[in-house]
Amino acid sequence: MAEIDKEARIEVTDGALIPDSAEKSIFSAWNISFFGALIILIILPIVSPDPYKEILLFIPDGVAKTFQVTVLSIIFALVVGLFAGLGRLSRVKIINRIATIYVEVVRGIPLLVQLFYIYYALGKLVQLPRMTSAIIAMTFCYGAYMGEIFRAGIQGVPQGQMEAALALGMTRSQAIWKVIIPQTFKIILPPVGNEFIALLKDSSLVSILAVSDLLRRGREYASTTFMYFETYTIVALIYLVITLFLSRIVAYMEKRLKINGRV
Amino acid sequence: MAEYRIQIKDASKNYGKVEALKNANLNIGAGEVVLVIGPSGSGKSTMLRCVNKLETLSSGDIWVDDDCVTDPKSDIRKIREEVGMVFQSFNLFSHLTALKNITLALTTVKHTSSEEAEKIGKQLLERVGLSDKEKSYPGQLSGGQQQRVAIARALAMNPRVMLFDEPTSALDPEMIKEVLDVMLDLAKEGMTMMVVSHEMGFAKAAADKVVFMDEGEIIETGTPAEVFDSPKEERTKTFLQHIL
């Protein structure tokens with residue numbers, strides 16, 4: 001089992017470019033993109049209320065839905081990921097095999113196809129509501145990625161921790177739950193934050209199942225007014241502001257963890 | 001009742017083709033303090049780690065009192081409760097305070113109530129001179145302090161035997177004494193101890209027996225005076241010249 005450098009971030013990043021904390025200039029890439037997008041979002045409806053103000057009033061339901069899908073999916077994906085990660089490290093061959101197959105299968109199928117499959121293909125057997133299908137698909141997909149993060153996180157805890165726990169008479173599972181897992185959270189928090197951002201962006205795919213998320217609301221507006229340019233500009237800017245904001249939070253968490261690093 | 005607290009009989013351990021331990025025999029009586037010395041890779045740590053089955057012997061047997069460690073039918077966790085271990089790299093649980101490090105095994109393994117565990121934990125911290133550090137995390141403690149907490153953690157289970165795997169090798173010189181002092185106190189109180197270490201001072205002050213190992217074999221066993229002052233074997237002499 002390889003030990004992971006404590007300073008190293010687990011790079012499973014499909015999220016957003018994490019701002020470099022050393023970059024202090026007001027003209028940093030992050031500042032320009034974030035405040036630039038924010039200013040455009042504020043100025044457009046003031047300068048030209050029709051249609052931008054209308055679009056901005058039409059879309060917020062979609063933002064709420066996007067967050068709903070993202071938050072629920074990430075919570076379920078964390079649970080699935082924890083067990084997938086433990087399964088990948090299990091000494092029981094069959095459990096190990098099942099967990100590994102799960103990860104391989106999920107990583108080999110595009111998320112969009114998984115969404116179609118769960119809603120339309122499996123719909124032949126059980127027709128689930130759109131929202132439920134969307135969350136199941138996102139959970140299934142991101143659970144596999146989370147599993148790999150948990151696996152790396154657990155392996156990143158030095159071997160001596162397990163030995164010390166065993167030497168005190170603990171069972172392996174007591175050692176895992178009381179000693180190893182609590183220490184992995186610190187290691188996996190930044191990559192999990194990153195997956196959250198990635199999942200938020202990928203949640204735009206659920207609009208294909210007519211779940212009225214941010215993108216779907218935009219499409220609804222555009223298709224009745226034919227103002228594609230205006231609508232999708234706003235949609236893109238809102239996604240950008242949200243993900244950049246979240247990436248700053250992830251960077252902040254990472255910094256805090258380094259300061260409090262008790263490892 | 002077994003004659004010896006620890007009995008190692010014809011113990012061998014192979015890693016693939018490498019023989020880390022060859023036919024080792026060693027008996028440690030109750031209250032005895034045994035120091036195991038030898039060059040790195042001589043199998044001293046391997047032998048120690050086989051006593052609480054962190055490593056499994058390839059052949060041979062080890063008993064702790066009447067419990068056979070190497071018998072697959074015996075409950076190794078019960079035996080481990082009786083055998084405290086202190087590691088070179090301390091291995092304190094980094095997410096827990098000094099006090100919680102000590103109480104965790106009490107509450108999870110022995111099902112001691114948390115009030116009782118805390119009482120025991122505080123007593124032990126006092127015993128190793130760290131009462132003021134109960135709320136500190138391992139990262140906030142010096143190496144010497146961490147190792148003293150680690151000793152207290154092992155003592156919390158009220159073990160009959162303590163194993164020390166190079167307890168001072170990872171410490172800065174000025175911190176070695178504070179750890180050795182705690183170990184000396186333990187020895188005086190009659191704890192049975194098996195110590196892998198090259199601390200001559202500790203050996204002369206506390207050890208009943210010194211065991212010299214080389215290339216997986218026990219070469220020589222005797223009192224500290226016998227082994228250090230008049231070693232019989234050539235290999236022991238050469239080694240002692242190197243470390244003194």
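Protein chains get the first letters and strands the later ones, always in sequence-line order, with residue 1 at the start of each. Given the structure is predicted, the values throughout are model-derived calculations rather than measurements.
For the atom pair CZ of A:Arg172 and CZ of B:Arg77, the computed distance is 12.5 Å after rounding to the nearest 0.5 Å. A:Gln161 contributes atom CD, which lies 5.0 Å from atom OG of B:Ser94 (distance to the nearest 0.5 angstrom). To the nearest 0.5 Å, the span separating CE on B:Met85 from CG on A:Leu166 amounts to 11.0 Å. Here the CE-CG distance, from A:Met162 to B:Leu54, works out to 11.0 Å after rounding to the nearest 0.5 Å.
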Distance-only check: which donor-acceptor pairs under 3.5 Å involve side-chain atoms of residues 85-92 of chain A, not counting sequence neighbours?
residue : atom : partner  : partner atom : Å
A:Arg88 : NE   : A:Glu148 : OE2          : 2.8
A:Arg88 : NH1  : A:Thr100 : OG1          : 3.3
A:Arg88 : NH2  : A:Glu148 : OE1          : 3.0
A:Arg88 : NH2  : A:Glu148 : OE2          : 3.3
A:Ser90 : OG   : A:Val92  : N            : 3.0

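In this structure, chain A has heavy atoms under 4.5 Å from both the backbone and the side chain of B:Phe93. Proximity to chain A is absent for every atom of B:Ile79, based on heavy atoms less than 4.5 angstrom apart. Using a 4.5 Å cut-off between heavy atoms, A:Glu163 contacts chain B through both its backbone and its side chain. The parts of B:Thr108 that come within reach of chain A are both its backbone and its side chain, each placing non-hydrogen atoms under 4.5 angstrom from that chain. Only the side chain of B:Arg49 comes within less than 4.5 Å of a heavy atom in chain A; its backbone stays farther off. Proximity to chain A is limited to the backbone of B:Val83, based on heavy atoms less than 4.5 angstrom apart.
No more than 12 heavy atoms of other residues, nucleotides or ligands shown are found within 6.0 angstrom of NZ on B:Lys9. Counting heavy atoms of neighbouring residues, nucleotides and ligands inside a 6.0 Å radius, atom OH of A:Tyr252 does not exceed 12 of them.
Under a 3.5 Å cut-off, the side chain of B:His95 and the backbone N or O of A:Lys178 do form a donor-acceptor pair. Side-chain atoms of B:Asn91 come within 3.5 Å of backbone atoms of A:Gly160 as a donor-acceptor pair (strictly under, hydrogens ignored).
Counting heavy-atom pairs under 4.5 Å between each of B:Ala105, B:Ser89, B:Ala150, B:Ala154 and chain A puts B:Ala105 at the top.
Taking the side chain as every heavy atom from C-beta outward, B:Arg80 and A:Leu168 never approach each other to under 4.5 Å.
A:Ala164 and B:Phe87 make their closest contact through CA-CE1, 3.6 Å (heavy atoms, listed as atom of the first residue, atom of the second, distance).
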> After noting the C-alpha distance and the side-chain angles of A:Met170 and B:Leu104, does the key distance pass the side chain to side chain contact (heavy atoms under 4.5 Å, CB included) rule?
Replying inline: CA-CA 10 Å; A:Met170 290 190 209; B:Leu104 180 66; 3.5 Å; yes

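The ring pair (Phe, Tyr, Trp, His ring centres under 6.0 Å) check on A:Phe196 picks up nothing, with sequence neighbours excluded.
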